[in-house]
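Count residues from 1 along the sequence.
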Amino acid sequence: LTGGSSNLSGTVENLRMPAVPKVTVPGACQLFAGGKGYELAAGEDLNVPGLVFGPYENAISVTGASFITFRFRRGCL
């Protein structure tokens, strides 16, 4: 997700298999997904304990970062 401000929101699409993403952020921020909040430090390919993308659309919001990158392998069961 990329935006012009430090508040982002959007949807990350997945297939039917649950996925655990690696996260890259430029600075410390808060990530909200699946009804949970996560405090993230700046870094690349971060593991976020408890963050799992479910099937299809996953609503995401971020405060404190102008972009966030998720890397994960999509698949079907």
_Partner set under ring-ring contact (aromatic ring centres under 6.0 Å, His included) for F70, not counting sequence neighbours_ =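 F70 satisfies ring-ring contact (aromatic ring centres under 6.0 Å, His included) with F53 only.
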*Can you list every pair that meets ring pair (Phe, Tyr, Trp, His ring centres under 6.0 Å) and has a residue in residues 7-27, with sequence neighbours left out?*
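Applying ring pair (Phe, Tyr, Trp, His ring centres under 6.0 Å) to every pair that reaches into residues 7-27, excluding sequence neighbours, yields nothing.
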Check residues 54-65 and write down every donor-acceptor pair under 3.5 Å in which the side-chain atom is one partner and the other belongs to a residue at least two apart or another chain.
from: N58; atom 1: OD1; to: G54; atom 2: N; distance (Å): 2.9
from: N58; atom 1: ND2; to: V12; atom 2: O; distance (Å): 3.3
from: N58; atom 1: ND2; to: G54; atom 2: O; distance (Å): 3.1
from: N58; atom 1: ND2; to: Y56; atom 2: O; distance (Å): 3.3
from: T63; atom 1: OG1; to: Q30; atom 2: OE1; distance (Å): 3.2

Do any side-chain atoms of residues 19-27 form donor-acceptor pairs under 3.5 angstrom with protein atoms, and if so which ones, sequence neighbours left out?
from: K22; atom 1: NZ; to: N47; atom 2: OD1; distance (Å): 3.1
from: T24; atom 1: OG1; to: D45; atom 2: N; distance (Å): 3.2

*Mind listing the closest non-hydrogen atom pair of P18 and V52 along with its distance?*
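Heavy atoms only, the tightest pair is CB-CG1, 3.9 Å.
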*When hydrophobic residues are tied together by side-chain contacts of less than 4.5 Å, even through go-betweens, does L8 share a cluster with F72?*
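Yes; F72 is reachable from L8 via cluster members.
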*asked:* Distance check, rounded to the nearest 0.5 Å: R71 atom CZ versus L46 atom CG?
replied: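 Reported to 0.5 Å precision, the distance equals 11.0 Å.
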_L31 CG to I68 CD1 distance, which is reported to the nearest 0.5 Å_ =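 Answer rounded to 0.5 Å: 5.0 Å.
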